[in-house]
Amino acid sequence: MTENKSIHGEWSSRFAFILAATGSAVGLGNIWKFPYIAGENGGGAFVFIYLLCILAIGFPIMMAEIMLGRRGRQSPINTMRTLAEEAGADTNWHYLGWLGVIAGFLILSYYSVIAGWAGAYVLKSVTGSFSGGNATEIKGIFDGFVASPLQLMFWHTLFMAVTMYVVSQGVKGGLEKAVRFLMPSLFFILILLVGYAMTSGAYEKGLAFLFTPDFSEVTSDSILTAMGHAFFTLSLGMGAIMVYGSYLPKNISIAKTTLIVAGADTAVALLAGIVIFPIVFANGLEPSAGPGLLFQSLPIAFGNMGGGLIFGTLFFVLLVFAALSSSISLIEPAVAWLVENRNMSREMACLWSGLITWVVGLGTVFSFNIGSEFKIFGKTIFDLLDYLTANLMLPIGGFCIAVFAGWVMRKADSQQELELENPWHYQIWKFLVCYVSPAAVFLVFLNVIGIL
Ligand code: PFF
């Protein structure tokens, strides 16, 4: 089985895989979500816990996911079945793949709506809507925009259509091409914005907020959010990285690749925070403003800096691309499964999964306007979907992946697949996936339900 290639194709090189996996990891999670949840959860201490989770949980689980994918060479559902058989274990492990497919649908449903916001902001930026705008005016633009279900629906529809088109083009045609120029450009523009943030007058305050931990601010829910975000931002726990791993040729170092992807992902998130918080403080905004934080802060910078029209437009274009390269990985596990098991063409599989996601996404569209009063467990549909996926489904999925890779899979198999030259590295990885990652997830859950 290990000789097989995936029927869906293969990456053309290690570089292509790194680009695609980084494309999946780096997205709205880094630039839109990380700053606003850091802001809502008090800053420094939250950031510290998040970084700890990336190291102790995210890193080993990412290696595990890529490894399982490359060994199974199919959609996560079928990969888990095959690998369970190989290990002589119960084939019910394939339900883990299902959990991932469902999480992917649910995440994409709201992800697409927010990506749509970024799309709309490209237009606002290029037409000069932010020019000379102060904090109140920029907030007014945002509030007016999200109050309109029709506008949100339009951009959500457009983004879903583009996503499904790219996915329908397949692994090499669509996915690889899109990410090649995107990542370096995004990095470049963020660095440029750091330059602006430095002159904003509140650079130190912004940095202090982000990097000075005050552990009295930490609650069990903020620990859960930090851990959930470590999964979300690295695209772990739902088979996205697993399915990308299944297109990875042999003889490529999984550990080194993981290091690069996780490193780039963390760097982009921190850069986004370093850009946004100084602007927030310099303009008297609230760090806890919620999902609108990015859209209420950065346009102030673009509206008031030299060349802001061009940079603002470019920034939102790149944000849309970053979202796109993540979205395609959210839906790929489902599409791969439909092609394998339902004998569908790639196009039909895209059409169906796209339609379902679009419909579910309407729940999020309405969460910001006509349905903002509709709450389940005190949360709007958007908040509920976010909590359910990032804080529950991904950590549960990641926990199971760690247990499978560490305890169920035969040692000889994981050793062979990971090909770590230094035997110590294998021992460390094994210790992390067997004990540290599952225990950490478990303890955080106990903490949330109040047992710990
Ligand atoms: N990692 C993406 C981000 O940070 O925006 C979101 C994501 C993509 C989550 C793919 C999960 C996933 F499987």
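Computed over heavy atoms, backbone and side chain alike; hydrogens, waters and symmetry mates excluded. Treat the numbers as computed from the prediction; the structure is a model and nothing was measured. Throughout, numbering of the chain's residues begins at 1 and tracks the sequence.
- Between Tyr435 and Phe431, the ring-plane angle classifies as tilted under the 30° and 60° cut-offs.
- Not counting sequence neighbours, Asp265 has no partner by the salt bridge (charged side-chain N to carboxylate O under 4.0 Å, His left out) test.
- Cation-pi geometry between Lys124 and Phe130 is not satisfied (NZ or CZ under 6.0 Å from the ring centre, within 45° of the ring normal).
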Notebook entry, point to check: Can you list the steps and then say if Tyr247 with Phe17 is a ring pair (Phe, Tyr, Trp, His ring centres under 6.0 Å)?
Noted result: CA-CA 8 Å; Tyr247 308 144; Phe17 173 76; 9.4 Å; no

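- Aromatic rings of Phe302 and Phe311 (six-membered ring for Trp) have centroids beyond the 6.0 Å cut-off, not under it.
- Among residues two or more places apart in sequence or in another chain, the side-chain contact (heavy atoms from CB on, under 4.5 Å) test is passed with Ser185 by Phe181, Leu318.
- Note on Lys33 versus Asp386: salt bridge recorded, some NZ/NE/NH1/NH2 to OD/OE distance being below 4.0 Å.
- Note: Phe382 and Phe368 have tilted aromatic rings, judged against thresholds of 30 and 60 degrees for the angle between ring planes.
- A ring-ring contact (aromatic ring centres under 6.0 Å, His included) with Phe316 holds for exactly one of Trp155, Trp32, Tyr121, Trp117; it is Tyr121.
- Taking the ring axis of Phe277 as reference, the NZ or CZ atom of Lys205 does not stay both within 45° of it and closer than 6.0 Å to the ring centre.
- Under the salt bridge (charged side-chain N to carboxylate O under 4.0 Å, His left out) criterion, Asp143 pairs with Lys139, not counting sequence neighbours.
- Residues Tyr196 and Asn304 bring no donor and acceptor atom of their side chains to less than 3.5 Å of each other.
- Counted within 6.0 Å of CZ on Phe215, heavy atoms from surrounding residues, nucleotides or ligands total more than 12; the atom is thus considered enclosed.
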